[in-house]
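Labels below follow one simple rule: chain letters A, B, ... track the order of the sequence lines, proteins then strands, and each chain is numbered from 1.
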There are 2 protein chains.
Amino acid sequence: MLVNEARTFRELCQENGIAVTHQRQVLYEVMKTMHGHPSPEEVYAQVKKKVPAISLATVYKNIHLFVESGVFREVSMHHGSLRVEMNDESHHHMVCSKCKAITDIGEKELGLVSKQDKLPGGFLVERYAVDVIGICAKCQQA
Amino acid sequence: MLVNEARTFRELCQENGIAVTHQRQVLYEVMKTMHGHPSPEEVYAQVKKKVPAISLATVYKNIHLFVESGVFREVSMHHGSLRVEMNDESHHHMVCSKCKAITDIGEKELGLVSKQDKLPGGFLVERYAVDVIGICAKCQQA
DNA sequence: TTATCGGACGATAATCTTTATCGTTTATAC
DNA sequence: GTATAAACGATAAAGATTATCGTCCGATAA
Ligand SMILES: [Mn+2]
Ligand SMILES: [Mn+2]
Ligand SMILES: [Zn+2]
Ligand SMILES: [Zn+2]
């Protein structure tokens, strides 16, 4: 149902107060067809087939918009620069989805269970790294 | 025990077949004193106080060496470029520590339990994102 | 339908992070 | 002490992302 899809995307844009542009709509539709965890460059390469004149900057800007709107999600909250872990204790992380702040939380404090060391595909488990995604106290106030 | 610390670091280097240089040793000692999740730039700023002539490239190279040797650990396995999640299902990720390949694993398949939505510091939980760190099948063969 | 206006676009420069290059210096083994 | 390979510092280059800015277009209302 192309018409229905179009209406859905139109509504989606209205909900988020953004214009329904040709580039934005094609980008959305192309992304819907993709699998795995594509990078902006990979998305760009696909969209270019349908809108050859599109700019990489437009792809970045709209992916960010989609992520902010909750239409798509980024694989990792901390994909920025390299960070070194200085906490020797067994622990996991609380990551604020607003300000990206990373706070340690002890393994016991988090209270997860059941670590299998056999996983599909013959994957050999070394350890679990849990990110608790949410809103930190400061960002809840604002 | 400075002498003892020095011997420890010397042994550490010998185990990993790397030379004991002044820069490398100061870098190691400075990092040991740091807390949280510093970036290479932040480490560089600290080390520069003791070895003003050190290069940022040297900091990067040695942090990588330390991480490879298991002396320090990076906070996130996927801190590279932005990746968009295209899998709608509730799932987590298996991340290969050798080749960095990311594979989906269903939430039920992983079989974790207990999601608290109250965490220390008034952190409001949205979701859990689990990275299972390990070695993928391909890298196990090689 | 048309005029208006703010948002969106494309091109590209700029920024930020990380890596590669290369001549010089230094640690290690003999 | 000398030879050799590794490590260093300076800096260019690469890769990813963002900022800038002139132009264009979609949304709104006359
Ligand atoms: Mn930590
Ligand atoms: Mn996934
Ligand atoms: Zn926050
Ligand atoms: Zn692998």
Side-chain angles (χ1 to χ4, degrees), chain A residues 6-7 9-30 37-45 47-69 71-72 74-84 100, chain B residues 6-7 9-30 37-45 47-69 71-72 74-84 100:
Chain A
R7 182 187 293 133
F9 182 70
R10 185 167 294 274
E11 287 169 357
L12 190 71
C13 289
Q14 283 171 348
E15 286 167 17
N16 291 283
I18 59 178
V20 181
T21 68
H22 179 55
Q23 290 88 338
R24 189 164 285 158
Q25 185 156 358
V26 172
L27 178 62
Y28 173 79
E29 283 162 9
V30 165
H37 311 109
S39 65
E41 283 281 355
E42 288 167 341
V43 172
Y44 176 56
V47 177
K48 232 183 170 181
K49 293 176 183 173
K50 304 218 171 185
V51 187
I54 200 171
S55 165
L56 178 59
T58 298
V59 172
Y60 267 99
K61 283 181 277 196
N62 281 300
I63 287 180
H64 286 323
L65 270 183
F66 290 155
V67 170
E68 287 165 21
S69 310
V71 182
F72 293 105
E74 46 191 329
V75 173
S76 172
M77 294 303 295
H78 26 185
H79 63 84
S81 66
L82 171 64
R83 296 306 178 97
V84 187
K100 315 291 180 190
Chain B
R7 182 188 294 132
F9 182 72
R10 184 167 294 275
E11 287 169 357
L12 189 71
C13 289
Q14 283 170 349
E15 287 167 16
N16 291 284
I18 59 178
V20 181
T21 67
H22 181 234
Q23 291 89 336
R24 189 164 286 159
Q25 185 155 357
V26 173
L27 179 60
Y28 173 78
E29 283 163 9
V30 166
H37 312 107
S39 66
E41 283 281 355
E42 287 167 342
V43 173
Y44 176 57
V47 178
K48 233 182 169 180
K49 294 175 182 172
K50 305 218 171 183
V51 187
I54 200 170
S55 165
L56 177 60
T58 298
V59 172
Y60 267 98
K61 281 181 279 198
N62 282 298
I63 288 180
H64 287 322
L65 270 182
F66 290 155
V67 169
E68 287 165 21
S69 309
V71 182
F72 293 104
E74 45 191 328
V75 173
S76 172
M77 295 303 295
H78 26 182
H79 62 83
S81 66
L82 170 65
R83 295 306 177 98
V84 186
K100 315 293 180 188

As a quick check of understanding, evaluate side-chain contact (heavy atoms from CB on, under 4.5 Å) for Leu27(A) and Val43(A), giving each step before the final call.
CA-CA 8 Å; Leu27(A) 178 62; Val43(A) 172; 3.5 Å; yes
Taking for Leu56(B) and for Gln14(A) the nucleotide of DNA chain D with the nearest heavy atom, the one nearer the 5' end belongs to Leu56(B)
Nearest heavy-atom approach of Cys13(B) to Ala19(B) is SG-O, 4.1 Å
Any side chain to side chain donor-acceptor pair (under 3.5 Å) pairs touching residues 51-69 of chain B, not counting sequence neighbours?
Asn16(B)-Ser69(B), Arg24(B)-Asn62(B)
Please confirm whether the shortest side-chain N or O distance from Arg24(A) to OP1 or OP2 of dG7(C) is below 4.0 Å.
no
With a 4.5 Å heavy-atom cut-off, do Lys49(B) and Val30(B) have their side chains touching?
no
Round to the nearest Å and state the distance from Tyr44(B) atom OH to dT19(C) atom P.
16 Å
Rounded to 10°, the angle between the first-five-pair and last-five-pair axes of the helix from dT1(C)-dA30(D) to dC30(C)-dG1(D) is 40°
Whole angstrom value for the distance that separates C1' of dG7(C) from CG of Leu65(A)
11 Å
Mind checking ring-ring contact (aromatic ring centres under 6.0 Å, His included) for His78(B) and listing every partner two or more places apart, or none if nothing turns up?
none
Write down the distance between CG (Asn62(A)) and C1' (dG7(C)), rounded to a whole number of angstrom.
12 Å
Under 3.5 Å, which N/O atoms of the protein pair with N/O atoms of nucleotides 23-30 of chain C?
unit_1  : atom_1 : unit_2   : atom_2 : d
dT28(C) : OP1    : Val20(B) : N      : 3.0

Length of the CD1-P vector between Ile63(B) and dT19(C), whole Å:
11 Å
Nearest whole angstrom, please: distance from the C1' of dA8(C) to the CD of Glu68(A).
15 Å
Minimal non-hydrogen separation, Tyr28(A) against Leu12(A), with atom names
CE1-CD2, 3.9 Å
From OH of Tyr60(A) across to C1' of dA13(C) the rounded distance in Å is 16 Å
Taken in chain and number order and not counting sequence neighbours, the residues that satisfy salt bridge (charged side-chain N to carboxylate O under 4.0 Å, His left out) with Lys100(A) are Glu74(A)
Nearest heavy-atom contact between Ile54(A) and Tyr44(A) is O-CE1, 3.5 Å
Backbone N/O of His37(A) and side chain of Arg83(B): donor-acceptor pair under 3.5 Å:
yes
Quick one: are Val47(B) and Val26(B) in side-chain contact, heavy atoms under 4.5 Å?
yes
Might you point out which heavy atoms bring Pro40(B) and Ile63(B) nearest each other, and give the distance in Å?
CA-CD1, 4.0 Å
Shoot me the first and last contacting nucleotide of DNA chain D against chain A, ordered 5' to 3', at under 4.0 angstrom to non-hydrogen atoms.
dA16(D) to dA27(D)
